[in-house]
Amino acid sequence: MRTIALEEHFTHPDMSVYSANTATIAEPQVWEDAMRHLLDLTELRLPAMDAAGVDMQVLSLNAPGIQAEKDTAVAIKRAQAMNDMLAETIAKNPTRFSGFAALPTQDPKEAAKELERAVTELGLRGGVVNAHTHGRYLDDPSFRVLWERLVDLDVPLYLHPANGVDAPHVLSGHPELVGPMWSWGNDTASHVLRCVFGGVFDDFPDAKLMVGHMGEGLPFTLWRLDSRWSWHFHHGIKLKRDKPSDYIRQNLYITTSGVCDNAPLQCALSAMGADHVLFSTDYPFEDLPTATAFLRDAPICEVTREKIAHGNAERLLRL
Ligand code: GRE
Ligand code: ZN
């Protein structure tokens, strides 16, 4: 069974200036080991993919990526350099790698321009954004230009977690909960809901937003969101579709990155449908063989397994 993984990370020595915050999430030797795997694009990676049965990794620059750069001109230049380097990596192993473009979201017009260059000239398959850009989220009106370009090019935007602007007060005194352990998932799910209620998908009904980690909890919440939307004061917010879940089911695609557990998979399939769930591992932060064994052994029908493993990725990313 062809297996394509969608949230697979790499980095470059020029990006190390941005990872100081993230590095404190793990013990130093754990982080160093992750860095060794992130910096490698062949020697460690290809044998690990072979051993686990991953045919293709769709690569994305590790969080916080370009979003952490404070200088807009530097962000633009660095995103271009990283996308060029990613395209060269793919060209050396075109059957094993594909990629999402880093976007200089510091300037939404430049982000749209770089997306177009990366897709039309470099052959990348969409964009990746790590959480907010200095406090600005993707529902901000300034980002409509990026959404417009995504739809014109018919490519998805992968929204990956990163540290929030600040840690929520409820987590004060609990740094162990800040990061991939807990806060990143909440932050990313909230970011998706900002896009729904901020009218992104009313303005761009064909936009495709992707998140990892089995949907960052969203598939579990659909009925509750719909029920409370029908009850709650709307504060002037208007949605064209009846229910919040209509947007999540139609515009959101989720990957299994970093979650190898049948209960949330069943929930995701039931809530989102088999055409909206895609395989991923979250390399190198999770174990590749664990992820492929999970996919292989999950109690789902073969049609669904093929969609998750490769069919949905082939359709959405034209692979
Ligand atoms: C992730 O992508 O899930 C991730 C990171 C950095 C540290 C841990 C982690 O990007 O799970
Ligand atoms: Zn990840």
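Because the structure is a prediction, the values reported are computed rather than measured. Just so you know, ligand 1 is whichever comes first in the structure, and atom 1 is the first atom listed for that ligand.
Under a 4.0 Å criterion applied to the non-hydrogen atoms of H213, ligand 1 contributes the atoms 3 (O). Below 4.0 Å from some heavy atom of H9 lie the following atoms of ligand 1, by number and element: 2 (O). Heavy-atom proximity to P180, at under 4.0 Å, picks out these atoms of ligand 1: 8 (C), 9 (C), 11 (O).
With waters neither drawn nor counted, the protein N/O/S atoms under 2.8 Å from the Zn ion (ligand 2) amount to 4.
Residue R224 places its CZ atom among 12 or fewer non-hydrogen atoms of other residues, nucleotides or ligands, all under 6.0 Å distant. M1 CE: more than 12 foreign heavy atoms inside a 6.0 Å radius.
Nearest to atom 3 (O) of ligand 1 among the protein's heavy atoms is D282 OD2, 2.7 Å. Nearest non-hydrogen protein atom to atom 7 (C) of ligand 1 is F285 CE2, 3.4 Å. Nearest protein heavy-atom neighbour of atom 10 (O) of ligand 1: N62 OD1, 3.3 Å. Counting only heavy atoms of the protein, atom 2 (O) of ligand 1 lies nearest to H160 NE2, 2.9 Å.
The side-chain contact (heavy atoms from CB on, under 4.5 Å) test with L59 singles out one residue from L6, L41, L124, and that residue is L41.
With no hydrogens or angles considered, a side-chain donor-acceptor pair links H213 and D282 at under 3.5 Å.
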- Task: Evaluate the criterion side chain to side chain donor-acceptor pair (under 3.5 Å) for residue pair R241 and N251; output intermediate values, then yes/no.
- Result: CA-CA 12 Å; R241 297 178 211 162; N251 298 99; 2.8 Å; yes
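For R136 (side chain) and Q106 (main-chain N/O), a donor-acceptor pair under 3.5 Å exists by modelled atom type.
Checked against salt bridge (charged side-chain N to carboxylate O under 4.0 Å, His left out), D287 has no partners two or more places apart in sequence or in another chain.
The aromatic rings of H37 and Y283 sit perpendicular, their planes meeting at an angle over 60°, well past the 30° parallel limit.
Note on V155: it does not cluster hydrophobically with Y158, by side-chain heavy-atom contacts below 4.5 Å among ILVMFWY residues.
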